[in-house]
Chemist: 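There's a structure below that I have some questions on.
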Amino acid sequence: MKLPEAYYLSSDVVAIARDLLGKYLFTCIDGVTTGGYIVDTEAYNGIIDKASHSYGNRITPRTKTMFEQGGITYVYLCYGIHEMFNIVTSVAGQPHAILIRAIVPTDGLDVIMHRRNMDTLKHHITRGPGSVAKALGISRKINACSLQSDTIWVEDRGLHFDAAEVAAGPRIGVDYAGDDALLPYRFYLRGNAFVSKPNK
DNA sequence: TCGTCGATCTACT
DNA sequence: GTAGATCGACGAG
């Protein structure tokens with residue numbers, strides 16, 4: 001059921017970002033399992049991508065996780081507040097990553113609502129990368145964690161969307177990246193209520 | 001060492 | 001619609 005390590009080793013990070021739509025992401029934190037299926041992703045294409053932290057081969061204590069072999073997590077803090085969850089792909093030395101922007105929650109809904117301080121399931125509960133991480137209990141403690149572990153993993157449950165349901169567009173919040181901000185590296189389900197920002 | 005800015009979200013007006 | 005939260009990385013000095 002878990003996607004095998006080989007799935008993450010491809011050098012085509014954009015293709016993996018597209019393929020991850022409909023895959024199920026789970027975490028098991030403190031013995032509680034929560035998860036759902038992915039409906040919004042963004043690809044970050046290594047050292048030539050101005051929007052990526054690893055642009056220009058920049059290696060810091062924060063970004064070194066991205067330079068490891070694919071199939072692990074990359075979790076970092078943004079705006080001092082939000083934890084962002086990424087999946088690292090490709091081989092060691094090639095810092096590709098995929099940001100998970102939104103999921104449709106399916107498992108552990110009561111725990112997810114509690115983590116998000118909500119008493120009903122509103123659509124924005126897992127909309128946006130900061131919200132996804134918080135809903136699933138993801139923090140920097142599970143940075144560089146293997147996706148073959150029993151803490152966090154991705155499953156294929158046979159859910160599939162055809163081309164008409166999937167949209168591609170420019171990534172969100174990367175205006176500083178110049179031309180690279182225009183690349184169609186974001187993939188999402190057209191019109192899905194859990195998808196953030198423009199979702200048409 | 002300091003100041004600026006970021007792969008953002010929420011609460012309030 | 002927009003201000004505020006709040007910390008790590010980076011460039012200037």
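To find a chain, count down the sequence lines: A is the first, B the second, and so on, and within it residues start at 1. For the numbers below, each heavy atom of this structure counts, side chains included, while hydrogens, waters and symmetry mates do not.
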Chemist: Can you give me the N/O atom pairs linking the protein to nucleotides 9-13 of chain C at distances under 3.5 Å, or say none if there are none?
Modeler:
{"from": "dA9(C)", "atom 1": "OP1", "to": "Arg62(A)", "atom 2": "N", "distance (Å)": "3.2"}
{"from": "dC10(C)", "atom 1": "OP1", "to": "Arg58(A)", "atom 2": "NE", "distance (Å)": "2.7"}

Chemist: For DNA chain B, what is the dot-bracket line, given that a base pair needs Watson-Crick (N1 to N3, plus N6-O4 or O6-N4) or G-U wobble (N1-O2 and O6-N3) geometry with both distances under 3.5 Å, and | means paired with another strand?
Modeler: ||||||.|||||.
Chemist: Lys134(A) side chain to His82(A) main-chain N or O, any donor-acceptor pair under 3.5 Å?
Modeler: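 Between the backbone of His82(A) and the side chain of Lys134(A) there is no qualifying donor-acceptor contact (under 3.5 Å).
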Chemist: dT8(B) phosphate, OP1 or OP2: any side-chain N/O from Arg101(A) under 4.0 angstrom?
Modeler: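 Result: yes.
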Chemist: How many whole angstroms separate atom NZ of Lys122(A) from atom P of dA11(B)?
Modeler: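 In whole Å, dA11(B) P and Lys122(A) NZ are 10 Å from each other.
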Chemist: Rounding to an integer number of Å, can you tell me how far Arg186(A) CZ sits from dT8(B) C1'?
Modeler: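 Between C1' of dT8(B) and CZ of Arg186(A): 14 Å.
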Chemist: Can you tell me if Tyr185(A) and Asp49(A) form a side-chain donor-acceptor pair at under 3.5 Å?
Modeler: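 Absent: no donor and acceptor within the cut-off.
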Chemist: How close or far is atom C1' of dG8(C) from atom CE of Met66(A), stated in whole angstroms?
Modeler: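 Answer to the nearest Å: 13 Å.
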Chemist: Between Tyr44(A) (OH) and dG6(B) (C1'), how many Å, whole number?
Modeler: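 Atom-to-atom, Tyr44(A) to dG6(B), this comes out as 11 Å.
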Chemist: Are Asp40(A) and Arg186(A) within salt-bridge range, i.e. N to O under 4.0 Å?
Modeler: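 Salt bridge: yes.
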Chemist: Determine, for Phe161(A) and Arg190(A), whether the Lys NZ or Arg CZ falls below 6.0 Å from the six-membered ring centre while staying within 45 degrees of the axis.
Modeler: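 Here Arg190(A) fails the 6.0 Å and 45° test against Phe161(A).
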Chemist: Under 4.5 Å between any side-chain heavy atoms of Tyr7(A) and Val154(A), yes or no?
Modeler: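 Counting from C-beta outward, Tyr7(A) and Val154(A) never come under 4.5 Å.
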Chemist: Find out whether Leu189(A) and Val166(A) are in side-chain contact, i.e. whether some heavy atom of one side chain is under 4.5 Å from a heavy atom of the other.
Modeler: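 When only atoms from C-beta onward are counted, Val166(A) and Leu189(A) do touch, with a gap below 4.5 Å.
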Chemist: Say you draw a straight line from CD of Glu68(A) to OG of Ser146(A); how long is it, rounded to the nearest 0.5 Å?
Modeler: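 Separation between the atoms: 11.0 Å.
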Chemist: Can a donor-acceptor pair be found between the side chains of Ser11(A) and Ser90(A) at a distance below 3.5 Å?
Modeler: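 Checked: Ser11(A)/Ser90(A) side chains show no N/O donor-acceptor pair below 3.5 Å.
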Chemist: Suppose you measure atom P in dA5(C) against the same atom in dT13(B); what distance do you get, rounded to whole Å?
Modeler: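 The same atom, P, in both gives a distance of 15 Å.
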Chemist: Got a list of protein N/O to nucleotides 3-7 of chain C N/O distances below 3.5 Å?
Modeler:
{"from": "dT6(C)", "atom 1": "O2", "to": "Tyr79(A)", "atom 2": "O", "distance (Å)": "2.6"}

Chemist: Mind checking whether Ile98(A) and Tyr44(A) have side chains closer than 4.5 Å, heavy atoms only?
Modeler: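 A side-chain contact under 4.5 Å is absent here.
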Chemist: In whole Å, measure the gap between the C1' atoms of dG8(C) and dT10(B) for me.
Modeler: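 To the nearest whole Å, 22 Å.
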Chemist: In this structure, would Phe26(A) and Met113(A) fall into the same cluster of hydrophobic residues linked by side-chain contacts under 4.5 Å?
Modeler: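 As far as the 4.5 Å side-chain criterion goes, Met113(A) and Phe26(A) are connected within one cluster.
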Chemist: Considering the options Arg18(A), Arg101(A), Arg171(A), which one meets the salt bridge (charged side-chain N to carboxylate O under 4.0 Å, His left out) requirement together with Glu42(A)?
Modeler: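 Considering Arg18(A), Arg101(A), Arg171(A), a salt bridge (charged side-chain N to carboxylate O under 4.0 Å, His left out) with Glu42(A) is found only for Arg101(A).
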